[in-house]
Amino acid sequence: ILDHLPNTRPLGIELLELKVARVHPQGAHYGWQVGDIIVEIAGVPVDSFEELWARIQVERDRPPVRFLVERCGEGMVDEEEREEMKMARAAAQAAEIKKRQSTSKAPVQPGPDLPGAFGSPT
């Protein structure tokens, strides 16, 4: 958990995508280790550096910020399992969007004031 995100080197680490490649003193203070893979920020899964960066910008003004990492030997998943998890999340998100779309639009039925309705001019 980071109690704040400073403007320069906010995490105290250098990344290759989501994997920690180098830890600076500030990063070591927060417990980062080389090889950590960031999988969630503030409970939101991240699958790319772009998603990580966008989430950091959102969370910057809402400290503390919780990062979930995979650490070698602790909860590590292989690439195939990671891809399955990513696809499952995408499917769940698509289903949620479809559900919202289907419940937010009531079907419009022709009525006396709508063109094409029985008894009304077209």
Side-chain angles (χ1 to χ4, degrees):
I1 297 178
L2 277 68
D3 54 357
H4 71 289
L5 293 174
N7 291 326
T8 59
R9 292 194 191 260
L11 304 177
I13 56 177
E14 293 178 28
L15 297 170
L16 293 172
E17 274 299 307
L18 300 173
K19 188 174 185 176
V20 176
R22 186 173 181 184
V23 179
H24 296 279
Q26 180 179 350
H29 168 77
Y30 289 118
W32 293 105
Q33 294 181 15
V34 171
D36 286 349
I37 300 171
I38 301 170
V39 295
E40 285 184 6
I41 301 174
V44 178
V46 291
D47 293 310
S48 67
F49 181 82
E50 290 77 17
E51 289 179 7
L52 173 138
W53 184 253
R55 180 55 36 198
I56 287 174
Q57 301 315 305
V58 169
E59 299 300 330
R60 180 174 300 284
D61 298 325
R62 301 191 280 196
V65 180
R66 181 180 298 268
F67 288 78
L68 178 65
V69 302
E70 291 176 353
R71 185 162 283 162
C72 186
E74 298 178 25
M76 292 294 289
V77 295
D78 62 24
E79 286 303 313
E80 185 176 318
E81 188 174 357
R82 178 186 288 280
E83 190 61 30
E84 288 174 6
M85 291 166 55
K86 186 176 179 180
M87 290 173 51
R89 277 197 304 269
Q93 289 171 343
E96 181 63 28
I97 290 169
K98 187 174 182 178
K99 179 181 173 185
R100 279 191 240 142
Q101 288 174 342
S102 68
T103 58
S104 65
K105 294 180 182 177
V108 177
Q109 298 294 325
D113 297 331
L114 294 175
F118 292 109
S120 67
T122 54

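Nothing here was measured: the structure is a model prediction, and the numbers come from that model.
Nearest approach of Gln33 to Val23, heavy atoms of both residues: C-CG2, 3.8 Å. Considering every non-hydrogen atom in both Val34 and Arg22, the closest pair reads CG2-CA, 4.2 Å. When every heavy atom of Asp47 is checked against every heavy atom of Leu18, the shortest pair comes out as C-CD1, 3.6 Å. The minimum heavy-atom distance between Arg62 and Val58, with the atom names listed, is NH2-CG1, 2.7 Å.
Taking 4.5 Å as the limit, some side-chain heavy atom of His24 sits within range of a side-chain heavy atom of Glu14.
To the nearest 0.5 angstrom, Gln101 atom CD is 9.5 Å from Lys98 atom NZ. Going from atom CZ of Arg66 over to atom CD of Glu59 covers 12.0 Å, rounded to the nearest 0.5 Å. Here Leu52 contributes atom CG and Glu17 contributes atom CD; the two are 9.0 Å apart, rounded to the nearest 0.5 Å.
Note: the hydrophobic cluster containing Val44 does not contain Leu11 (ILVMFWY, side chain heavy atoms under 4.5 Å, direct or indirect links).
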Chi angles and distances behind the side-chain contact (heavy atoms from CB on, under 4.5 Å) call for Val69, Trp32: CA-CA 9 Å; Val69 302; Trp32 293 105; 3.5 Å; yes
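Residue Val46 is tested with Ile38, Val39, Ile56 for a side chain to side chain contact (heavy atoms under 4.5 Å, CB included); the sole match is Ile38.
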